[in-house]
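One structure is given here, and the rest of the page talks about it.
Side chains included, hydrogens not; waters and symmetry mates left out as well; all remaining heavy atoms used. Order of the sequence lines sets the chain letters (A, B, ...), proteins ahead of strands, with each chain counted from 1.
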2 protein chains.
Amino acid sequence: MNSLTEENYLKALLALSTNSDEVSINDLAKHLDIKMPTVTSMMKKLASKKLVQYESYKPVKLTKKGKQEAAIIVRKHRLTEMFLVEKMGFGWEQVHDIAEQIEHIKSPPFFDKMDELLGFPKLDPHGSPIPDKTGKIVWKHYEKLSDCKKGDTLMLSAVLNSSADFLKFLNSRNLKLGTHIIIDAIEPFDGTMSVSIGKRKEILSGLVCEKLLVENITH
Amino acid sequence: MNSLTEENYLKALLALSTNSDEVSINDLAKHLDIKMPTVTSMMKKLASKKLVQYESYKPVKLTKKGKQEAAIIVRKHRLTEMFLVEKMGFGWEQVHDIAEQIEHIKSPPFFDKMDELLGFPKLDPHGSPIPDKTGKIVWKHYEKLSDCKKGDTLMLSAVLNSSADFLKFLNSRNLKLGTHIIIDAIEPFDGTMSVSIGKRKEILSGLVCEKLLVENITH
DNA sequence: ATAATTTATTAGTCTATTCTAACTTTGTAG
DNA sequence: CTACAAAGTTAGAATAGACTAATAAATTAT
Ligand SMILES: [Mn+2]
Ligand SMILES: [Mn+2]
Ligand SMILES: [Mn+2]
Ligand SMILES: [Mn+2]
């Protein structure tokens, strides 16, 4: 059984493996806000448990086993978020921090029951896929709003940042999953977009646009 | 903020304070299944946090502050058990172990929401009172079945043991909170009782009878 | 009032997780 | 191909929590 600490390392490794599946000690240290030597020694420990592949001075890689166990934590995190929103009435900006703790609860029946009560959801409240019980994760083919072009009509489908601050910002602009966005103009210098959300006109900074995943529904 | 470990010590102290409000290191060690020297050093730590009163070679006592913080953990534990039974469909024999973990979640809104969704319950699924937010705990005046006499008609109101084994035993005898019990005979030697539960006749050992709290409803 | 037993404390060790300081390796810019 | 910066490792120390062995205090039994 992995400790809470080990589980958080596994989850961070998975989160940082989206592109290359190789993760540097430095990135991991920054992501977890832990110093590099601490990370190095934890990598040795996880390697001894066959959860990562580790060699001195090289980036780390999750093994199949490590990937699977990380995905199970993510599953528990996302099921929890969905439960908090759908069954307990929390806002999507309130659930991440609670889920960060509940994901470590050891009780398969507890999460199975959530899953069942929710009707076996495929997505969490932020649009991210809920891994299945075997650890498989299937992302739909979304694109970043920042990669879309002027005139496109898009549907907000997922957010890449679940911090309360960011989500409260989206709330204040009436941006929810499913909301339609039309790109009126793009500032070439910094990627700031002028968009229409329903009847309202809004300005979204490049940084915000990079965190919004959309589906192109231009007619 | 107290650690999970400290919280479990506080809860044990409160549980063992029911009578005398003084707790011996030895009892605490047995209750927590931890060796005495470890308990001694934790008592020193809790004393430095003003949560217990500790002097060498004397029994420990929870301070007002310690009692309050312990009760808040118990509140979270019992709200959780109630939520698991009432809102998630678990049996009363399944919830204690999950609550033992969830009681340590740091999120007042999470437990407030449970409380609200449950309609501010006063009792948990095992008949124990749910402490209020200030830490006050009010037990109703129940008596132990083992203290009742032949001919009494009683209503099962609470159980003093929440282990899955014990509760599964009660399930198998159709004993639930609210069930009526009539004492047909008491074996003087060991306190074994012959009782009527509805139309059924059952035999309950003295040990079982001591764990059942009842309300006397003899006409 | 002793002796025996039980309870509690000290001292020293261990594992898990983290840190800082110092050193080494790798990668990059001339 | 050096020289410097960035990334990574080693060594040593700290804290939380738990253990064992040895010792001391308090209780109980004779
Ligand atoms: Mn989240
Ligand atoms: Mn976490
Ligand atoms: Mn319980
Ligand atoms: Mn607990």
Side-chain angles (χ1 to χ4, degrees), chain A residues 1-13 15-17 19-62 66 69-70 73 100-101 103-106, chain B residues 1-13 15-17 19-62 66 69-70 73 100-101 103-106:
Chain A
M1 193 59 47
N2 303 314
S3 69
L4 181 151
T5 306
E6 291 168 332
E7 289 188 345
N8 283 334
Y9 275 91
L10 288 175
K11 208 158 59 98
L13 280 161
L16 295 173
S17 302
N19 314 312
S20 44
D21 83 61
E22 296 203 324
V23 182
S24 74
I25 302 289
N26 198 235
D27 286 353
L28 199 44
K30 278 174 185 151
H31 189 87
L32 290 166
D33 194 24
I34 281 177
K35 295 295 183 290
M36 277 199 289
T38 309
V39 172
T40 297
S41 63
M42 180 57 86
M43 289 310 102
K44 289 176 179 171
K45 193 209 241 193
L46 294 183
S48 79
K49 297 175 90 172
K50 308 281 184 216
L51 294 167
V52 304
Q53 232 176 280
Y54 169 76
E55 284 174 276
S56 277
Y57 296 105
K58 290 211 235 159
V60 217
K61 217 192 286 195
L62 279 171
E69 299 192 9
I73 317 291
E100 202 59 51
Q101 301 176 63
E103 68 191 2
H104 304 291
I105 299 292
K106 262 68 176 184
Chain B
M1 195 58 49
N2 303 313
S3 68
L4 180 150
T5 305
E6 292 167 332
E7 289 187 346
N8 283 333
Y9 275 91
L10 288 175
K11 207 158 59 99
L13 280 161
L16 295 173
S17 302
N19 315 311
S20 44
D21 83 62
E22 295 202 325
V23 182
S24 73
I25 302 289
N26 198 235
D27 286 354
L28 198 44
K30 278 174 185 152
H31 189 87
L32 290 167
D33 194 25
I34 280 176
K35 296 294 184 288
M36 279 198 289
T38 308
V39 172
T40 297
S41 64
M42 181 57 86
M43 289 310 101
K44 289 177 180 172
K45 193 208 240 193
L46 294 183
S48 79
K49 297 176 90 172
K50 307 281 184 215
L51 294 167
V52 304
Q53 233 177 278
Y54 169 76
E55 285 174 275
S56 277
Y57 296 105
K58 291 213 233 155
V60 215
K61 217 191 287 194
L62 279 171
E69 299 193 9
I73 318 291
E100 202 59 51
Q101 301 176 65
E103 68 191 1
H104 305 291
I105 299 292
K106 263 68 176 182

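A salt bridge links A:K45 to A:E6: one of the charged nitrogens lies within less than 4.0 Å of a carboxylate oxygen. Ion pairing of B:E69 with B:K50 is absent here, as no side-chain N (NZ or NE/NH1/NH2) approaches a carboxylate O to less than 4.0 Å.
A close approach under 4.0 Å does not occur between any side-chain nitrogen or oxygen of B:Y54 and OP1 or OP2 of C:dA8. Under 4.0 angstrom from either OP1 or OP2 of D:dC19 there lies at least one side-chain N or O belonging to B:T38. Taking 4.0 angstrom as the limit, A:K44 places a side-chain polar atom (N or O) nearer than this to OP1 or OP2 of D:dT10. Between A:T40 and the phosphate of D:dG8, there is no side-chain N or O to OP1/OP2 separation shorter than 4.0 Å.
D:dT9 atom P lies 12 Å from atom NZ of A:K58, rounded to whole Å. The interatomic distance linking B:K35 (NZ) with C:dT7 (C1') rounds to 15 Å, in whole Å. Taking atom CE of B:M36 as the reference point, atom P of C:dT5 lies 16 Å away to the nearest angstrom. In this structure, B:M42 places its CE atom 10 Å from C1' of D:dA18, rounding to the nearest Å. Across the protein-nucleic acid pair, A:K45 atom NZ and C:dT18 atom P stand 9 Å apart, rounded to whole Å. The CE-P distance, from A:M43 to D:dT10, rounds to 14 Å in whole Å. B:E6 places its CD atom 9 Å from the P atom of D:dA16, with the value rounded to the nearest Å. In this structure, B:N26 atom CG and C:dT9 atom C1' are separated by 13 Å, rounded to whole Å.
Comparing A:S56 and A:I34, the nucleotide of DNA chain C nearest to each residue sits closer to the 5' end for A:I34.
Checking C:dT17, C:dT20, D:dA25 against every side-chain atom of B:Y57, the shortest atom distance belongs to D:dA25. With distances taken from any side-chain atom of A:S41 to the nucleotides D:dT20, C:dT18, D:dT9, the minimum falls on C:dT18. Between D:dT10, C:dA8, D:dT20, one nucleotide has an atom nearer to the side chain of B:P37 than all others, and that is D:dT20.
B:S3 comes within 4.0 angstrom of the backbone, heavy atoms only, and of no base. In this structure, A:T5 reaches the sugar-phosphate backbone alone: every heavy-atom distance under 4.0 Å involves primed, P, OP1 or OP2 atoms, never a base.
Sparse packing is recorded around NZ of B:K58, with 12 or fewer heavy atoms of other residues, nucleotides or ligands lying under 6.0 Å away.
Smallest separation of non-hydrogen atoms from A:N8 and A:L32: O-CD2, 3.9 Å. Residue B:V23 comes nearest to B:L13 through the heavy atom pair CG2-O, 3.8 Å, listed as atom of the first residue, atom of the second, then distance.
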